[in-house]
Amino acid sequence: MKTLKLIILTSILTCVLFSCKKENTSFINNKNKISTSQEHPKLILTAQGVKNIRAQLGTIPIFDNTLEKVKAEIDAEIDAGIEVPIPKDYSGGYSHVRHKKNWFALQKAGLLYQILDDEKYAMYVKDMLMQYEVLYKTLPLHPKTRSYARGKLFWQCLNDSNWLVYISQAYDCIYNYLTEEERNKLETNLFRPFADHISVDSPQFYQRVHNHSTWGNAAVGMIGLVMDDDELINRALYGIKNLKLDPKAKDNDGGFINKNGKAGFLANIEEPFSPDGYYNEGPYYQRYAMYPFLIFAEGLHNVKPELKIFEYKDGVLLKSINALLNLSDADGDFFPLNDGQKGMSYYNSALITAVDISYHYGKQDAGLLSIAEKQGQVLLDDSGLAVAIGIKKGKTKPFTKKSINLSDGPKGKQGGLAVLRNEDVELVFKYAAQGSSHGHYDKLSFSLYEKGEEVIQDYGLSRFVNIEQKGGGNYLKENKTWAKQTIAHNTIIQNETSHFEGKYEIGSQHHSELFFYDDANSEVQIVSAIESNAYPGTKMLRTMAVIKDKDFERPYTLDIMKVTSNKTNQYDFPYYFLGQVVQTNFEYKTSKTLKPLGSKNGYQHLFLEGTAQANDGNSKLTWLNKGKFYTLTTLANINDELIFTRIGANDPEFNLRREAALMVRRKNTKNTLFISTIEVHGSYSPVTESAVNSNSSIKQLTVVLETDGYTAIEITNVNSNTKLFIIANSKASKEEKHNVKINDKNYEWSGSYYFK
């Protein structure tokens, strides 16, 4: 640290004119180049920002500590020498990982050159870029052929775009260190051909509304900003003009050109984001896409402020950061909706970028500073400096997550996503649109958390990201045959067939509809939505509430699914629980030999482990997980079958996790009602070997009224105290007045539900 401070002080004292080791003039080398008097760096780290940072160094702990760690990392890379291997591997392979390490190292080295004014970092960036210039001229398409759009350095254009986004920042930082001849060489032989390959040579990748294309747009636009190339900047913002479309091209999971012509960075802001900032692919891919969205936006803000990019679509980019942070659990892990890997959190580098940029260019929300403190690092640029100064001045406040309802669709009219929070319980309720190619077929599904631990889980994706031994680190076939299928989620499956037949072309045309959402009552956080298209002729109305009741240790979840259909069906309703079965109040038989539950639509991946006939009334399952007890109480019919299943059938390569579910199966039924509660209760200590409050507090669930207009349920606890919950199945506005007679007693209220 003393050495670093000495370098810092020397830099401050000796550097009046910085970043001027060579010349500080701009030049024109082709017809697209426009002259500018703007000095470099100007993209993310700015010239004024460098001055401000140098003036503060040594007095801003989180920034100083980040700088020290980055310096140690890049010094080690410089000592190890430059490696620019011939591309040959999928994700996780040596050449892939090395080129990925290089893009991070170059970007960081460029920042160090500017901040510390040490020429060795500029030399390192220059020498490696020159090696890439030599290599790139010789490269054909990548030898791995799996991708729909092959790159040259990497097996897919997506990773090539990642590389150029970071390298643009490095180039900006050493721009004035290079001679005009060196810049011309890099731009002519490396940067411009690179940008052309991921755009005009790969329209099936670039000319889309998708997180892949966002990276491509940002890559082309950022190198265009550094080079002052208006043609590249416009290509980034608006897509490729005068592109002839393949008449056979269609939007599906493979990724094809958009026939409607919507493409470019602005289209990728317009289409996937709702006005609330929800990104239709889900938080996992929103996290991934936020880096190019925000970094390119920051570059546009600094170089082309007249675009007012952070005000575009009513400031949705900055809104989206708040939405994304609210889509994380108590530990900061993002809810694994759609294709989402569990464990991805706001500690990811993309969220460090998001938090810093949101604070700097937004309203300087002091709650963001608390997340930055947890992240323990900041960006080494203008926005990171703003966060560091805010923390230094003691402005930090907690980032408080409350219940939230986020609309989906470009105009907020395509369903949405609700997170109900009551004390330490978080319920995630999905009634959104399909979610593009990363969407799953799971309308009105849910997952449940308590203090960051999964209680009822969403499976997420089937992929071992960047683990080469598992399918090259790419999506596994089980992602389509299992993870995307409806049976993999906690919602209704009709006749063992996935919603929309598991077909993207059908699912992408529809979305669920919000019936009502109400978080005004701190005792009852509630959401309700309708799905009418998943199965033609069948309507599903699902209402979920997290209820805080003094008679219960912790808030519990109430789940009401009302199904109406024009024909008789078999309905399956799974609950994917994590942990060890402790107790049931029904007798079950376990299978002596395991066999699949079905043959298709995901059922082929479920082992049948046990079966039971439901009790006439309430069926209970209690399980233990990580020192907590949980109980599912479901109001079943005497003819219902209860099925214990476990994931893992027809999985010879062990690609799937072996996790359990309890499924309620109801056959030969037209219209029906599923009622359940989920309690979090008690604890178990393996140290003291003591179990506390290990039994359910619910004695009985009873339906006391079921009509087209109303559903009423009595919830009786073990002390025989009873609460009545009534939901209006139509006319659910807050102003609507209701009068219902149950057992010769009238109940009057205004709004969507009654609970007392």
Side-chain angles (χ1 to χ4, degrees), residues 3-5 7-8 10-12 15 18-21 39-58 60-78 82 100-129 162-178 218 222-223 225-226 291-292 294-296 298-299 301-303 349-350 352-357 360 372 375-389:
T3 302
L4 178 59
K5 287 182 177 178
I7 294 171
I8 291 168
T10 302
S11 299
I12 295 171
C15 188
F18 55 88
S19 303
C20 52
K21 294 298 179 183
E39 55 188 333
H40 293 263
K42 61 179 182 177
L43 195 60
I44 308 304
L45 179 66
T46 65
Q48 183 60 48
V50 173
K51 293 178 183 178
N52 296 339
I53 289 169
R54 290 179 177 179
Q56 294 282 345
L57 284 178
I60 38 176
I62 194 171
F63 194 102
D64 294 334
N65 292 337
T66 304
L67 180 61
E68 182 179 15
K69 291 176 183 177
V70 171
K71 183 178 184 302
E73 175 191 345
I74 301 307
D75 285 348
E77 287 289 335
I78 292 174
I82 294 172
K100 185 175 179 179
K101 288 183 71 173
N102 286 349
W103 84 48
F104 286 121
L106 288 172
Q107 185 243 11
K108 291 174 181 177
L111 294 171
L112 291 176
Y113 167 60
Q114 285 293 335
I115 294 169
L116 299 178
D117 195 32
D118 188 335
E119 191 170 335
K120 77 172 183 179
Y121 299 111
M123 180 65 72
Y124 175 71
V125 175
K126 170 189 166 182
D127 289 348
M128 193 185 298
L129 288 180
N162 299 157
W163 186 90
L164 189 55
V165 165
Y166 283 89
I167 266 55
S168 298
Q169 298 171 62
Y171 181 48
D172 182 43
C173 284
I174 70 156
Y175 189 92
N176 294 324
Y177 176 83
L178 300 171
M222 289 175 70
I223 198 64
L225 288 173
V226 181
Y291 187 81
L294 294 173
I295 286 293
F296 186 31
E298 188 173 19
H301 175 86
N302 290 330
V303 182
S349 60
I352 295 171
T353 299
V355 168
D356 291 4
I357 287 178
H360 185 46
Q375 293 169 333
Q377 55 185 310
V378 294
L379 299 178
L380 298 179
D381 61 18
D382 304 37
S383 57
L385 176 63
V387 169
I389 291 173

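Side-chain atoms are counted along with the backbone in the values below, which use heavy atoms only and exclude waters and symmetry mates.
- With hydrogens and angles ignored, the 3.5 Å screen pairs no side-chain donor or acceptor of Asp172 with any backbone N or O of Ser168.
- To the nearest 0.5 Å, atom CG of residue Asn176 and atom CD of residue Glu39 are 8.0 Å apart.
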Go through the steps to decide whether Asp356 and His360 satisfy the test side chain to side chain contact (heavy atoms under 4.5 Å, CB included), and finish with yes or no. CA-CA 6 Å; Asp356 291 4; His360 185 46; over 6 Å; no

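- With hydrogens and angles ignored, the 3.5 Å screen pairs a side-chain donor or acceptor of Thr66 with a backbone N or O of Val378.
- Lys69 is linked by a side-chain contact (heavy atoms from CB on, under 4.5 Å) to nothing, counting only residues two or more places apart in sequence or in another chain.
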Side chain to side chain contact (heavy atoms under 4.5 Å, CB included) between Tyr121 and Asp75, intermediate numbers included: CA-CA 9 Å; Tyr121 299 111; Asp75 285 348; 2.7 Å; yes

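- To the nearest 0.5 Å, the span separating CD1 on Ile167 from CE on Met128 amounts to 8.0 Å.
- Residues Asn302 and Leu43 are not in side-chain contact: their nearest non-hydrogen atoms beyond the backbone lie 4.5 Å or more apart.
- Annotation: the span from Tyr124 atom OH to Lys108 atom NZ amounts to 11.0 Å, rounded to 0.5 Å.
- Nearest heavy atoms, Val50 versus Pro41: CG2-CG, 4.1 Å.
- What you find for Tyr113 and Arg54 is that their closest heavy atoms are O-NH2, 4.4 Å.
- The backbone N or O of Gly110 lies less than 3.5 Å from no partner atom in the side chain of Gln114, so there is not a single donor-acceptor pair.
- Each of Leu385, Ile53, Leu67 was compared with Leu380 under the side-chain contact (heavy atoms from CB on, under 4.5 Å) criterion, and only Leu67 meets it.
- Close placement of the Tyr291 and Tyr166 rings is indicated, their centers lying within 6.0 Å of each other.
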Run the side chain to side chain donor-acceptor pair (under 3.5 Å) test on Gln56 and Asn52 for me, step by step, so that the C-alpha distance in whole Å, both residues' side-chain angles and the decisive distance to 0.1 Å come before the verdict. CA-CA 6 Å; Gln56 294 282 345; Asn52 296 339; over 6 Å; no

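- Judged by distance alone, with hydrogens and angles left aside, the side-chain atoms of Asp381 form no donor-acceptor pair with the main-chain N or O of Gly49 at under 3.5 Å.
- Distance check: Leu111 CG to Lys71 NZ gives 14.5 Å after rounding to the nearest 0.5 Å.
- The CG atom of Asp382 sits 6.5 Å away from the CD atom of Glu298 when rounded to the nearest 0.5 Å.
- Contact detail for Ile44 and Gly299: the closest heavy-atom pair is CD1-N, 3.9 Å.
- Between the side chain of Lys42 and the backbone N or O of Leu225 there is at least one donor-acceptor pair closer than 3.5 Å.
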Step-by-step side chain to side chain contact (heavy atoms under 4.5 Å, CB included) determination, Leu112 to Asp118: CA-CA 7 Å; Leu112 291 176; Asp118 188 335; over 6 Å; no

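- The distance from the OH atom of Tyr171 to the CG atom of Leu106 is 13.5 Å, given to the nearest 0.5 Å.
- The minimum heavy-atom distance between Gln377 and Ile62, with the atom names listed, is N-CD1, 3.9 Å.
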Check step by step if side chain to side chain contact (heavy atoms under 4.5 Å, CB included) holds for His40 and Val226. CA-CA 8 Å; His40 293 263; Val226 181; 4.2 Å; yes

